Amino acid sequence: MQKPRKNPDGRPGLSENGSKATPAPCPEQAGLSSTAREYVKVFPQTENIPAELKELPQWVAWMLAPNAGSKPKPDKLPIDAKTAKLASVDNSSTWRSFEQARAFFLQKQGQRLTSGGRTGTVSGVGFVLTEADQFIGIDLDNCVAGAGQLEPWAAEVITRLGSYSELSPSGRGVRIFLKGAMPGDRNRRGNVEVYSKKRYLTVTGAIIGDNKGIVENQDGLQWLSDEFLVETKPATRPPQDHVEAGSIADAALLDKMFAARNGDKLRLLWRGDWRGAGFNSQSEGDQSLCNALAFWTSKDAGRMDALFRRCDLFRPKWDITHSRGRTYGAATIEKAIEGTHEVFSDSGHDTGDPFHGEPPVEFTTAPDAPPIPLELIPEPLRGVVAAVAEAYQTPLELPLMLALGGMACAAQDKTEIYVNAGYAEYCNLYAITPLEPANNKTLILNTFKEPLDEWISAYRKKREPVIKEAERKRENLEVQIYGLRQALQGGRKKNPHFDADPDYEIILTKIAELEAELPEVPARKALFLSDATAEAVGEFLSEQGEVGAVFDSEPAFLHVLGGRYTEGQSNLDLVLKAKRREAYSYHRRGRSFHLEKPILTICVSPQPSILEDMARQPQFRDRGFSGRFWFCLPKSRLGYRQRLGVLPPDVKEFIRQRLHSVLNLDQSEGPEGNLPTRVLRLSPEAEELRLTLWDTVETQFRDGGEFETCKDWGGKFCGNVVGMAGLLHLWIEEEPLKHPISGATMRAACAIGGILAEHAQIVFDGLDTDEATTCAKHLWKWIRGNTTAEHPEFRKQPLWQAVRGRYKRAAQVDAGLEVLTERNFIQKSTTGEGRGRKAEVFTVNPLVFEGGRQ
């Protein structure tokens, strides 16, 4: 493995093979949803910007503002660093020196700014290109993957031009500056833009590679123009009704295709019904139809293109250029041709191949969740998270989420966050951080749980004499009451008219007096619960002052909520209400309790399969249960870990002291005035950021917005960010009640929340996968592990036996097999003879065994 090179500030840049770049994250863009925040991931490193640019007075600041139209992508608006008004690339009086622009940015970074009727967040500096200078600015869009991997075409551009290159603010694009003259009139095509005047470019200083200076390279510019900017005319194809020797007309070809074994699926695709054909996305349907067309047209790319344009799947995306001049349609056709090994023969019969030479349509794989950069976590919590992650060789997202969960366990009934009259947020947390076994989850959980257990134990020990005295007194009184009740029974046996005897009233009165003296025995303090029904959770909260927590690495709690003991019927009401301290009453089967303001924290790190289990429980989504959780999807370090270390004693002591200080909070420490005690308040800057966040998030509920398909989760996003800010505040402030939540803390919460919004999108995409597709993926794992190119057949019965623990009904397995058949992974081959019954036999597509397909 090659180590990435380091930029002057120590941040990684291109790897030695010139293919990887890693953005330095920007912690300052707080007032933005994750859709907007994805455009500002790279914090400006102004010391790295070439001196040749710095010397010119052609600098502006810029702010990120919601798009003036309906597009989700925000606008980058130039700002005059002197007047704080909108700048113009046509008006040099609105440009300033580099130092002025830099000073303005450093002073205003992350702040909300309104100018020219537009409101946005100050996000960086930019350089204005003019006819007077000789600089050329080049934009390469969408060429850096989430893991920092450069697309090959972009790496080639950087190498050929050999000039100063940097990451764009989003971390997904590349900016190149060089000297030369525009090689032609065209300056934009697909993902490549070239400008020389009347344009400003954002500048980050996040260097890629070793080229720190701006060079002159006219030959490179000409190559770039020829390769990417010049419009290439598509090759002409014969008229549609032209029939070459040895082929058949299009109409007859389509009739033949629709009459084939998989013709019903292809007909649905032709009509545009990719969902009805069994696919989760149109792109999968596009690929499947092109796979079929490759077979039936003998891999004639021109004819495939012409036919596809006639079907109802065709859309403008077909002609959009993605990279190296290739359109989406051309890339889809190319992939189909590469994967097709047999073709249709029009000599009166086909090859007899049940798969028609088509490759399977692979399942869409979820993208990697972006990591949470350490720089976003405020100190001193940052040091704690880093130390735990290093000692136990785990992704830092796990100790971060468990640190927040541990603080929520301590603080949820001690503090609340005052936002405005009638609106408060709470310092509890619902969070799921799935991670596979062997990642030392229990070690990390105990790092934050043991100080809580220690405090609970000390509290119990201190309260134990009081509890025992109450138990003793109650036991004595109960003995006396029992004796008096026995006397009543004895009196009735001796005297049928005892109820009218004066002694009867005397005994009743004494019993009532003693019962009134019965003391309430304080519950022995407990905080955690795990494997319990919702009703048992309610009783636990009722006994423990309406406060409790599920803080575990492998909780059975979620499975219980999913209906483990109730035949799939879950009771989520209490868990839903306890997130927001809403009253809850339970009256059923002789059990009864009422909770005025219950509060619960659920912070767990189960195995990743929990997400599949949640997908199988539609009530989790329908009732809003899933929408209440932060989902964090860390990438395991298994296989790349060093030996475990020891957590430094000062880190352990800091964790213990901070959690204990919050557990020991007393009402008298609250602020003066009419506000409730133990209240955390937002600073003016934090409140401004909250409002900006709310404004931006609101636009993401529109069609095409980030939260269009997960409104349940997005509707709670802003409140959950405020709650996270409160937990961060409790970690980083020694006297949290005496200081408001700062703007910096709110910015950190917004930035972390924005990244977790991307994690949630991945989770909800998975939760929305239909049950048959989920089943198909499980079946395919078994099939792929139990078949080979030499033995591609399998029987249904042993497959079902292998998965029966998860799928109880044969109909579920049948639905999964149908999905695999529709996707051309398998085809039903023959019906073999079993013991007294005919066995269903399937054959795996032989193309699966070529090229290591999984």
Side-chain angles (χ1 to χ4, degrees), residues 26-33 36-37 39-40 42-46 49 53-133 135 137 139 168-170 175 177 193 195-205 683-696 698-699 743-744 746-747 750:
C26 175
E28 303 299 338
Q29 309 311 317
L32 305 169
S33 72
R37 185 196 49 74
Y39 298 99
V40 193
V42 179
F43 188 78
Q45 302 160 55
T46 54
I49 297 172
L53 297 181
K54 291 181 181 180
E55 292 171 355
L56 298 176
Q58 296 168 207
W59 288 87
V60 294
W62 62 274
M63 69 178 182
L64 197 70
N67 189 275
S70 58
K71 297 180 181 179
K73 183 176 180 179
D75 294 327
K76 299 184 182 76
L77 304 177
I79 299 296
D80 185 334
K82 182 177 180 180
T83 65
K85 296 181 180 180
L86 291 180
S88 170
V89 295
D90 294 316
N91 185 356
S92 60
S93 67
T94 62
W95 314 337
R96 306 296 163 190
S97 69
F98 169 76
E99 289 303 328
Q100 286 176 293
R102 177 178 178 274
F104 179 89
F105 162 68
L106 292 177
Q107 180 183 5
K108 302 289 186 180
Q109 57 182 307
Q111 294 186 19
R112 201 178 183 198
L113 182 66
T114 298
S115 179
R118 303 292 299 278
T119 298
T121 306
V122 177
S123 302
V125 297
F127 180 79
V128 182
L129 296 166
T130 71
E131 291 181 302
D133 60 59
F135 295 117
D139 263 338
S168 66
S170 69
R175 185 95 67 249
F177 286 93
E193 301 175 57
Y195 299 101
S196 64
K197 61 183 178 180
K198 294 188 177 182
R199 185 83 174 190
Y200 98 91
L201 298 178
T202 58
V203 184
T204 64
S683 69
E685 183 183 2
E687 174 62 5
E688 277 294 305
L689 290 170
R690 184 189 72 83
L691 293 173
T692 302
L693 178 68
W694 194 97
D695 291 341
T696 308
E698 183 64 19
T699 65
M746 180 61 79
R747 282 195 294 275
C750 289

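Nothing here was measured: the structure is a model prediction, and the numbers come from that model. Only heavy atoms go into these numbers, but all of them, side chains included; no hydrogens, no water, no symmetry mates.
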Novice: Working to the nearest 0.5 angstrom, can you tell me the gap between Q109 CD and T121 OG1?
Specialist: 12.0 Å
Novice: What's the spacing between W62 CH2 and L86 CG if we round to 0.5 Å?
Specialist: 14.0 Å
Novice: Suppose we screen for side-chain hydrogen bond (donor to acceptor under 3.5 Å, both in side chains). Which residues come up paired with K82, at least two apart in sequence or across chains?
Specialist: none
Novice: Taking side chain as C-beta onward, heavy atoms only, is K76 less than 4.5 Å from L64?
Specialist: yes
Novice: Any side-chain donor-acceptor pair under 3.5 Å between S168 and S170?
Specialist: yes
Novice: Mind jotting down which residue pairs meet the salt bridge (charged side-chain N to carboxylate O under 4.0 Å, His left out) criterion with at least one end in residues 103-117? Sequence neighbours excluded, please.
Specialist: R112-E688, R112-D695
Novice: Quick one: which residue pairs count as a salt bridge (charged side-chain N to carboxylate O under 4.0 Å, His left out) with a foot in residues 86-105, not counting sequence neighbours?
Specialist: D80-R96
Novice: So, using salt bridge (Lys or Arg N to Asp or Glu O under 4.0 Å) as the criterion, who are the partners of E55 when residues are at least two apart?
Specialist: none
Novice: Can you name the residues that form a side-chain hydrogen bond (donor to acceptor under 3.5 Å, both in side chains) with S97, not counting sequence neighbours?
Specialist: Q100
Novice: Is there a side-chain contact (heavy atoms from CB on, under 4.5 Å) between L56 and F135? Walk through the geometry before answering.
Specialist: CA-CA 11 Å; L56 298 176; F135 295 117; 3.7 Å; yes
Novice: Kindly indicate whether the side chain of L77, heavy atoms from C-beta on, has any atom under 4.5 Å from the side chain of M63.
Specialist: yes
Novice: To the nearest 0.5 Å, what is the distance between SG (C750) and CZ (R690)?
Specialist: 10.5 Å
Novice: For residues V128 and Y200, determine if any side-chain heavy atom of one lies less than 4.5 Å from a side-chain heavy atom of the other.
Specialist: yes
Novice: Which pair of heavy atoms, one from T696 and one from T699, lies closest together, and at what distance?
Specialist: O-OG1, 2.6 Å
Novice: With sequence neighbours left out, what residues match A84 under side-chain contact (heavy atoms from CB on, under 4.5 Å)?
Specialist: F104, L113
Novice: Quick one: list whatever passes salt bridge (Lys or Arg N to Asp or Glu O under 4.0 Å) with K85, sequence neighbours left out.
Specialist: none
Novice: Checking T130 now: which residues fulfil side-chain hydrogen bond (donor to acceptor under 3.5 Å, both in side chains) with it, not counting sequence neighbours?
Specialist: D133
Novice: Listing request: all ring-ring contact (aromatic ring centres under 6.0 Å, His included) pairs with a residue in residues 76-101, at least two apart in sequence or in separate chains.
Specialist: W59-F98
Novice: Give the intermediate values and the outcome of side-chain contact (heavy atoms from CB on, under 4.5 Å) for residues L693 and M746.
Specialist: CA-CA 10 Å; L693 178 68; M746 180 61 79; 5.9 Å; no
Novice: Could you pull out all residues at least two apart from N91 that satisfy side-chain hydrogen bond (donor to acceptor under 3.5 Å, both in side chains)?
Specialist: S93
Novice: Would you name the heavy atoms of A81 and A101 that are closest together and state the gap between them?
Specialist: CB-CA, 3.7 Å
Novice: About how many Å separate OH of Y195 and CG of L129, when rounded to the nearest 0.5 Å?
Specialist: 10.5 Å
Novice: Just jot down the side-chain contact (heavy atoms from CB on, under 4.5 Å) partners of T114, sequence neighbours excluded, or say none.
Specialist: T119
Novice: Report the distance from atom CD1 of I79 to atom OG1 of T94, rounding to the nearest 0.5 Å.
Specialist: 10.0 Å
